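Each chain gets a letter, A, B and so on, in the order its sequence line appears, and its residues count up from 1. FYI, side chains are in, hydrogens and waters are out, and symmetry mates aren't considered; it's all heavy atoms of this structure. Remember, predicted model here, so these are calculated numbers, not experimental data.
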Amino acid sequence: MSNMPVTAFGVFLVSTAIILIVFGIVARSTNQQRDVSYAGANRLRLLFFVSLGVILLIFLVLTLPDLPYPVEASTPERVVLATGKQYAWSLNEGTAPTVDNWDDAFSQKVQLPTGAIVEFRVTTLDVNHGFSLYTADGHLMAQTQAMPGYVNRLRVKFDRPGNYTVLCLEFCGMAHHGMRGLVEVR
Amino acid sequence: MATVASTVAAPGADVYRAKLVRVTLVWVLTALVLFPVLAILGLLMRTEQGGFLQSMSPEFFYAIMTLHGLGMVGLWFVAGMAVISVLLATYVKPTTAVSWIAYGATLTGVVLLLAATLVGRLGVGWYFLYPLPFHSGGTWPGWATASLFAALAIMGVGWTLWSADLLFAIARRYRLSHALGWHYLSGSTTPEVPPIIIISTVSLIGVLAGLVAAVVILVLVAVEQLGGSGFTNDALLIKNLTFYFGHMVVNITMYYGVAMVYEVLPAYTGRPWKTNTLVVFAWNLVLLLVMVAYLHHLYMDFAQPRWLQVTGQLSSYLISVPAAVVTIFSTLVLIYGSAMKWRLPSVMLFLGVMGWAIGGVAAVIDSTVAVNTHFHNTLWVPAHFHTYFVMGVVLMILGTVFHLVTELSKVPESLALTKTIVGTVGVGGYGFLLMFYLAGVAGVPRRYAVYPEEVVVGTMYARLSLIFIAVLLIGALVYIWETGRRCLKLFSS
C-alpha cells in the first residue's frame, strides 16, 4: 500500500510548523522596535529563494518519474472495460454495455487474479464520473476520470487478494455517493 | 483613510473616493448578510455527513452544496472587487455607476441561483461540469439549468463591465506598461506606481481572460443545446475551459486580498511598501503562470496530453515562488521589528497571509501528480481551498473592510471583542480545516451526502468539525456585528 498520503501529510505538517514558528517570531519581534537591514533581508531572501528552489526541484525529480499514466511499451495481462452511467459502474471483460443494452450487458463486478497487471479502460455513457479503487480497509489505491467520448486507461497491479470497491470520485448527481462497482481479486 | 502611498494619490482623491464609499458599503452589508447564510449551509452539509440529519435528502444536500460553492466563490470575488475599487480610488477614478450596475447584475444572479437550487433542487457543484447540468436524472427541471446559465450570463456581463471599468480607470492615469511596472525592470522609478495598481492590473487582466473562457463555454453549450444541428461538445475541451475559468476567478480573488495587504498593512507597521523590481517581476510572472496553473485540475484526465500534465506540475510549483519569496517574505520583513499596531485589521491581514502560506503548501502538495492520484477529489481538496479562503483571503478582505469602516465611522475598536474574534476564528477555523485534511489523508471523497462503509471514517471527522464550525461561526457573528453597526452608522450619517 502506498504511503504517499501519509508522507504528503507529514510534509504539510512540517511546513506548517515552520510557517507558524516564523510568523510567531516575526509577531514577537514587534515587542521591541529595531531597524531592519534591507541588505541583510535581501541576503536572507536570496537564501530562502535558493532553498525553496532546491526543495521544489528535489520534489520534481522524486515525483515526476511516478506519473500514473500507462506506458505504451508494456502490455496488460487483463483488460477490464469500466463504464460509468448515472449511478452505477459496469465492469466487463470483452464488450462494454451501451445506452441501449445497459440492462442486459451491465455487470457490477469483475473477478481478477492476484498479481496480474490489469488495465481498466474507463469511459462514461452520460456525465463525467471518477473511477476510483478502494481497498477493503478504505485506502484509495488508484483513480482516473471517466469522460464522455474518451477512454482513460488506468493500470493497476493487485498484489493482494480481496474485494476492492469502485466508487465515483467526480460529482455526478443525486446518487453520486451510491455509485459502486466491485473488483474481486482471487 | 490612512494609506501608504499617499505621495502618488490622485488630486481630489478624497472627494472622489467618498462617492464610491456608499456603493462599497452596500456591497459590504450584502456580503455580511450572505456570508453567515452560506456558512450555515456548509454547517448543514457537515451535519448531514456526520449522520445527524437523516431527514435531509441527498437532492437537497447537493442543491445546497451547489449554492454554498457558487455563492462563496462569487461572494468573495465581488467583495474583493468592491474593496479593491475603493482602495484604488486613492490613485484612479473608477465609475461609481458601473459598480451599481455590477451590484444589480449580481443581485439578479443571486435570485436566479437561489431559485435554481432551493426551488429547482439544481445540484451540479460550483463548477457545474459539462454535461451534468443537462443530465439531471429527474432531480431538477430544465428551468433550473436555464436559471443557472442565465445567472452566470448576467453576472458575467456585470463583472466584465466592472473589471473593464477598473482597468480603464487605471489606463486613464497609467499606460499599460507603467501599470504593469515594466519601467522598474529597466531601472526607472518614474512614474512611481503603487503595488496595488500593479497587482490590480494583473488581476483584472486575469479576470477578463477568465471571463473570455466563460463566454466560450456558454456559447459552445448554447450551440449544442439550442442549435439542433447534432453538434456535441468535446468534454475534455469544456473541462479545460471550465477549470481555466474557475481557477482564475478563485486565484484572482486571492490576489485582491494580497493587494489589500500591500495597501493597508503599512498603515499599521509605519513602514512604506513601495514597488521595486522584485515586486514587478513577481507579479508579471504570476500573470503568465496563472494562465496555465489550472492544468493541475486535470491530472486524473489521462487523455490529456502528458506534456500538459507535466506543465501543470511545473507551473504550479513555479507560481508558489513569487508568492513566497516576494509577497510573504516581504510581509514578514515589513513587520519584523516594526512599531506594529496590533489592531483587528492588522491581525487579520497578518493571519490572512499566514493562512495563504499554509493553504499554498497544501495546494502545492496536491499539485504534484503522484500525490494527486491519492488526493484528487478527496476532502484534501476542500481542505486546501478552505485554508486559503477562510483563513486567507477572507481574513484579508474582512480585515481591510474593518480598517475602512472603523476609520470612517470613528467607532473605536474593542480590544476584548478583537481577542474574541481572533481566538474563535483561529481555533474554530484551523480545527475545522484539520478535520478536512485528516479525512483527505484517509481518502474520504469530497461531495458525498452520505459516506459508504469503505470511507465511513468521514462521518467521525464531519462530527468533530461541527464543534469547530460552531466556534468559527461565533467569531464570524461577532465580527459581523462589529462591522455591521459601523456600516449602519455610516449610512445614517
Measure distances from [X] to the heavy atoms of chain A and classify the residue's part below 4.5 Å as side chain, backbone, both or neither.
{"X": "B:Asn372", "value": "backbone"}
{"X": "B:Ile328", "value": "side chain"}
{"X": "B:Thr373", "value": "both"}
{"X": "B:Val455", "value": "side chain"}
{"X": "B:Ala63", "value": "neither"}
{"X": "B:Ser136", "value": "backbone"}
{"X": "B:Tyr127", "value": "side chain"}
{"X": "B:Val353", "value": "both"}
{"X": "B:Thr139", "value": "side chain"}
{"X": "B:Leu298", "value": "neither"}
{"X": "B:Arg306", "value": "side chain"}
{"X": "B:Phe61", "value": "neither"}

Side-chain donor/acceptor of B:Glu454 to backbone N/O of A:Tyr134, under 3.5 Å: no
Check: B:Tyr451 ring centre within less than 6.0 Å of A:His177 ring centre: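 Ring-ring flag for B:Tyr451/A:His177: false, centres at least 6.0 Å apart.
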Between B:Tyr437 and A:Phe12, is the ring centroid distance below 6.0 Å?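 Between A:Phe12 and B:Tyr437, which both carry aromatic rings, the centre distance is below 6.0 Å.
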Are the side chains of [X] and [Y] in touch, meaning some heavy atoms are under 4.5 Å apart?
{"X": "A:Ile25", "Y": "B:Leu332", "answer": "no"}
{"X": "A:Phe49", "Y": "B:Phe329", "answer": "no"}
{"X": "B:Lys239", "Y": "A:Gln145", "answer": "yes"}
{"X": "B:Arg271", "Y": "A:Val36", "answer": "yes"}
{"X": "A:Thr16", "Y": "B:Val361", "answer": "no"}

As an exercise: rank [options] by heavy-atom pairs under 4.5 Å with chain B and give me the winner.
{"options": "A:Ala136, A:Cys168, A:Gly178", "value": "A:Cys168"}
{"options": "A:Ala41, A:Pro70, A:Ala27, A:Ala175", "value": "A:Ala27"}
{"options": "A:Arg45, A:Arg153, A:Arg34", "value": "A:Arg45"}
{"options": "A:Leu62, A:Asp35, A:Leu44, A:Val151", "value": "A:Leu44"}

So, for [X] and [Y], which heavy atoms are closest and what is the spacing to 0.1 Å?
{"X": "B:His374", "Y": "A:Leu140", "result": "O-CD2, 3.3 Å"}
{"X": "B:Tyr62", "Y": "A:Met174", "result": "CE1-O, 3.2 Å"}
{"X": "A:Ala8", "Y": "B:Phe375", "result": "CB-CE1, 3.8 Å"}
{"X": "A:Asn128", "Y": "B:Pro131", "result": "ND2-CD, 3.9 Å"}

Does NZ or CZ of B:Arg446 come closer than 6.0 Å to the centre of the six-membered ring of A:Phe171, within 45° of the ring's axis? no
CZ-CD1 distance between A:Phe9 and B:Ile365, expressed to the nearest 0.5 angstrom: 9.5 Å
To the nearest 0.5 Å, what is the distance between CG (B:Leu314) and CG (A:Leu56)? 10.5 Å
